[in-house]
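Below, read A as the first sequence line, B as the second, and so on, with proteins coming before strands; counting in each chain starts at 1. Keep in mind that what you see is a predicted model, and the values were worked out from it rather than measured.
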There are 2 protein chains.
Amino acid sequence: MDTMTIPAAPAPRTQVTRKDVARYAGVSTAVVSYVVNGGPKKVAPATEAKVQEAIRQLGYRPNAAARALKLGSSETIGLVIPDNSNPFFSMLAHAVEDAAGALGYALVLTNSDGNLAKERRNIRNLAARQVDGVVLASVLFEPELADLEAAEIPSVLLSHSGSSAGVTTVGVDLAKGARTAVEHLISHGHTNIGLAMGTTTGNEADAREEGWVQALRDAGLPEGPIARSAFTRVGGYAAGQRLLASGHRPTAIFASSDMQAIGILRALHEAGLSVPGDIALASFDGSEDAEYSWPTLTTVEQPVRDMAEAAVRALVGADRGAPAQHRVFPTKLLVRQSCGCP
Amino acid sequence: MDTMTIPAAPAPRTQVTRKDVARYAGVSTAVVSYVVNGGPKKVAPATEAKVQEAIRQLGYRPNAAARALKLGSSETIGLVIPDNSNPFFSMLAHAVEDAAGALGYALVLTNSDGNLAKERRNIRNLAARQVDGVVLASVLFEPELADLEAAEIPSVLLSHSGSSAGVTTVGVDLAKGARTAVEHLISHGHTNIGLAMGTTTGNEADAREEGWVQALRDAGLPEGPIARSAFTRVGGYAAGQRLLASGHRPTAIFASSDMQAIGILRALHEAGLSVPGDIALASFDGSEDAEYSWPTLTTVEQPVRDMAEAAVRALVGADRGAPAQHRVFPTKLLVRQSCGCP
DNA sequence: CCAAATTTCTCCAGCGTTGTAGACATTGAC
DNA sequence: GTCAATGTCTACAACGCTGGAGAAATTTGG
């Protein structure tokens with residue numbers, strides 16, 4: 001339109017304010033406020049109609065920044081995820097956004113790409129933005145939480161891994177879920193079951209590994225080979241190749257994430273192995289990818305939507321202000337083709 | 001901690017303000033401001049050090065809401081995507097977040113789930129939040145843009161589909177990309193090439209269909225069967241089944257998205273057909289899924305990161321304020337297994 | 001050593017909003 | 001007709017921040 005304006009100009013946004021509406025409707029700004037948020041005072045129906053009309057005519061929308069400043073709440077929650085390209089986390093993000101949206105909150109998404117410095121920056125940024133709470137999905141380094149505590153911003157850990165002190169966590173029983181899957185594999189007669197695990201992030205040992213160990217031990221079986229990699233397709237691909245190359249090649253593999261399983265699948269295909277014929281496979285997460293791979297993956301489903309909802313509620317919903325708790329949701333083994341069920 | 005507080009209390013957040021820092025450092029608040037944002041006035045090094053120390057000691061972070069109110073800019077951009085569970089869009093979201101982050105902007109993610117009312121609500125919400133710009137990925141219904149225009153919020157269409165007036169758009173040449181893929185299929189000797197298309201969203205015809213038609217016509221081939229479905233795995237699965245059931249079963253299929261191709265792959269596998277042996281397949285998007293399917297998918301890659309960057313720049317970067325333009329990025333055919341290349 | 005120039009700092013208004021305190025109308029009771 | 005009890009509305013002071021106008025302190029030149 002006006003290509004002549006100097007781009008450097010910081011956008012002189014014109015806004016319809018409460019004052020404009022008040023003037024247009026011939027009332028004071030407080031009345032407009034009452035009409036908009038239903039204040040403690042009553043407004044005469046006739047006046048209310050006038051104000052509503054003025055709002056419509058002028059296209060008034062309350063300025064969220066001013067509101068946030070005054071109210072000390074931005075009606076926004078933050079989400080920190082380590083890797084948005086991982087379908088499990090985008091599923092999570094989607095679920096958190098829905099849960100937040102249902103409560104009238106918007107979502108600020110930040111992605112730390114598994115980078116500690118970035119995670120720290122993101123958390124600080126969210127704190128400065130007066131978010132009403134933040135959901136931390138698989139936080140890399142818990143001490144970062146101090147920033148949030150300092151700002152008195154409620155946070156919840158929505159996470160693969162375990163439970164920390166003081167802060168509310170929402171998760172699943174990783175060990176139990178993993179054990180279920182491995183036991184299922186064992187029930188098919190496998191005696192050499194490999195494990196594709198994530199690289200421990202310094203955090204704490206991943207309970208899925210524990211579950212695998214338990215299942216094997218309970219069945220009196222020896223531990224199969226282990227390959228560690230990132231929770232990605234590429235990582236799984238490499239892990240798969242390593243497992244195949246291992247001296248005592250397993251006849252079944254438990255992967256700690258669907259993404260890794262997808263990568264393993266590729267490695268197996270390329271090696272000319274059939275799944276589950278030559279090697280059976282089971283994984284963890286229950287993402288949609290596991291339903292559309294070939295063969296389809298037997299996987300341990302996490303009730304992502306329920307978890308997200310619980311997390312958001314703990315932050316800004318009914319459960320706000322409740323003492324820190326650790327909610328553990330049940331997992332469910334989705335039996336499909338890759339495990340070799342008849 | 002204090003489980004006795006009444007949960008209904010609206011979080012009496014205590015905040016360290018500029019005033020606290022000023023008092024602590026023994027200066028006025030303006031000086032603090034200058035130190036923080038490097039104002040037009042110079043601050044003596046000694047004073048600056050004192051203030052920095054005070055900031056550190058007190059753990060001061062500027063209140064973003066107040067800043068946004070004063071400056072009329074929230075250092076935030078909004079993103080509206082139709083479906084976050086679609087990997088293509090989560091890839092896009094990731095790229096947009098990165099591009100925005102690089103410029104110091106945060107990202108508010110909203111998801112409209114292909115729901116028009118939700119999209120409208122999201123756009124309004126973003127407008128109220130004083131975002132500095134919004135990236136609309138595949139907007140369902142363009143008239144919604146009026147809300148943004150009214151609020152004088154810059155927007156850009158980052159989209160599969162074509163170009164609209166007034167507003168800047170960033171995209172790829174869908175027709176050309178599709179044609180490349182179909183021509184590749186033709187070069188393998190296929191004469192009956194089916195199409196899995198999206199359901200037109202009322203918007204305008206999808207240019208990928210046009211590309212398919214052009215390629216066939218240029219080669220003097222008849223149009224193969226068409227199946228329309230959502231851009232999802234499930235949609236593709238159904239589309240695949242329909243294409244197989246069609247009277248004159250195609251020997252190759254062009255799918256307008258990787259997701260649909262993944263679904264089609266499943267339908268073909270279930271029908272006991274081999275790919276590319278019995279039926280060749282090519283698709284569109286270039287998402288990572290296409291690299292880890294079995295067989296791997298030949299697909300038309302969209303330079304998502306470049307596109308996201310261009311979109312963000314048009315909003316808040318160097319290109320801000322430039323007249324509306326239509327940037328078209330080149331696509332690239334990634335040849336893999338599903339097309340039947342030797 | 002004084003005035004002028006320069007550097008460094010302070011005051012304060014205002015961004016759009018909310019809600020409290022109180023003003024002004026209106027009504028009903030006597 | 002007067003007074004109190006409502007019912008509606010207005011004025012105004014924050015919320016934390018920025019930046020222009022100008023005051024105070026410091027340096028410079030003669």
Side-chain angles (χ1 to χ4, degrees), chain A residues 9-51 54-55 58-75 127-130 132 151-152, chain B residues 10-51 54-55 58-75 127-132 151-152:
Chain A
R13 188 105 22 100
T14 58
Q15 202 188 335
V16 178
T17 74
R18 207 148 279 227
K19 213 195 292 187
D20 299 321
V21 175
R23 188 169 20 204
Y24 189 95
V27 297
S28 75
T29 60
V31 174
V32 180
S33 224
Y34 294 146
V35 169
V36 173
N37 328 329
K41 300 290 176 56
K42 280 258 179 84
V43 175
T47 316
E48 160 137 24
K50 257 194 312 185
V51 174
I55 289 177
L58 268 36
Y60 167 73
R61 347 219 69 245
N63 180 321
R67 209 161 208 277
L69 175 58
K70 179 69 182 163
L71 267 17
S73 151
S74 55
E75 311 267 272
R129 275 170 198 280
Q130 313 291 109
D132 297 322
E152 295 182 32
Chain B
R13 188 104 23 100
T14 59
Q15 202 187 336
V16 179
T17 75
R18 208 146 279 229
K19 213 195 291 187
D20 299 320
V21 176
R23 188 170 21 207
Y24 188 95
V27 297
S28 74
T29 60
V31 173
V32 180
S33 223
Y34 295 145
V35 169
V36 173
N37 327 329
K41 300 291 175 55
K42 280 258 180 82
V43 175
T47 317
E48 160 138 24
K50 257 194 312 186
V51 174
I55 288 177
L58 269 37
Y60 168 73
R61 345 221 72 245
N63 180 320
R67 208 162 209 277
L69 175 58
K70 178 69 182 167
L71 266 18
S73 152
S74 54
E75 310 268 272
R129 275 170 198 279
Q130 313 292 109
V131 295
D132 297 322
E152 293 182 33

So which heavy atom on [X] is nearest to which on [Y], and how close?
| X | Y | result |
| --- | --- | --- |
| A/Ser74 | B/Arg129 | O-NH1, 3.1 Å |
| A/Leu58 | A/Val16 | O-CG2, 3.4 Å |
| B/Glu75 | B/Asp132 | N-OD2, 2.7 Å |

Whole angstroms only, please: what is the [atom1]-[atom2] distance between [X] and [N]?
| X | N | atom1 | atom2 | answer |
| --- | --- | --- | --- | --- |
| A/Asn63 | C/dC15 | CG | C1' | 8 Å |
| A/Leu69 | C/dG16 | CG | P | 12 Å |
| B/Gln130 | C/dT17 | CD | P | 8 Å |
| B/Lys42 | D/dG20 | NZ | P | 16 Å |
| A/Arg67 | C/dG19 | CZ | P | 8 Å |
| B/Lys50 | C/dT10 | NZ | C1' | 14 Å |
| B/Glu48 | C/dC9 | CD | C1' | 14 Å |
| B/Leu71 | C/dG14 | CG | P | 17 Å |

### Task
Go through the steps for B/Ser33 and B/Val36 under the test side chain to side chain contact (heavy atoms under 4.5 Å, CB included), then give the verdict.
CA-CA 5 Å; B/Ser33 223; B/Val36 173; 5.9 Å; no

### Query
Does A/Tyr60 get its side chain close enough to the base of C/dT17, under 3.5 Å, for a donor-acceptor pair?
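No, no donor-acceptor pair under 3.5 Å.
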
### Message
Does A/Tyr34 contact D/dG7 through a side-chain donor or acceptor facing the base, at a distance under 3.5 Å?
### Response
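No pair found.
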
### Query
How do A/Val32 and B/Thr29 order along DNA chain C: which one's closest nucleotide is nearer the 5' end?
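It is B/Thr29, whose closest nucleotide lies nearer the 5' terminus.
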
### Query
On DNA chain C, nearest-nucleotide positions of B/Val31 versus B/Ala66: which is more 5'?
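Its nearest nucleotide lies further toward 5', so the answer is B/Val31.
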
What nucleotide among [options] has an atom nearest to a side-chain atom of [X]?
| X | options | answer |
| --- | --- | --- |
| B/Thr47 | D/dT8, C/dT8, C/dG16 | C/dT8 |
| B/Asn37 | C/dG19, D/dG19, C/dT10 | D/dG19 |
| A/Lys70 | D/dG16, D/dA14, C/dC9 | D/dA14 |
| B/Ala30 | D/dC9, D/dG19, D/dC12 | D/dG19 |
| A/Pro62 | D/dC17, C/dT17, C/dG19 | C/dT17 |

### Query
Can you list the residues that meet the side chain to side chain donor-acceptor pair (under 3.5 Å) rule with A/Tyr60, with sequence neighbours excluded?
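A/Tyr60 satisfies side chain to side chain donor-acceptor pair (under 3.5 Å) with A/Arg18 once adjacent residues are dropped.
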
### Query
At under 4.0 Å, does any side-chain N or O of B/Ser28 touch on OP1 or OP2 of C/dT10?
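Indeed, a polar side-chain atom of B/Ser28 lies that close.
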
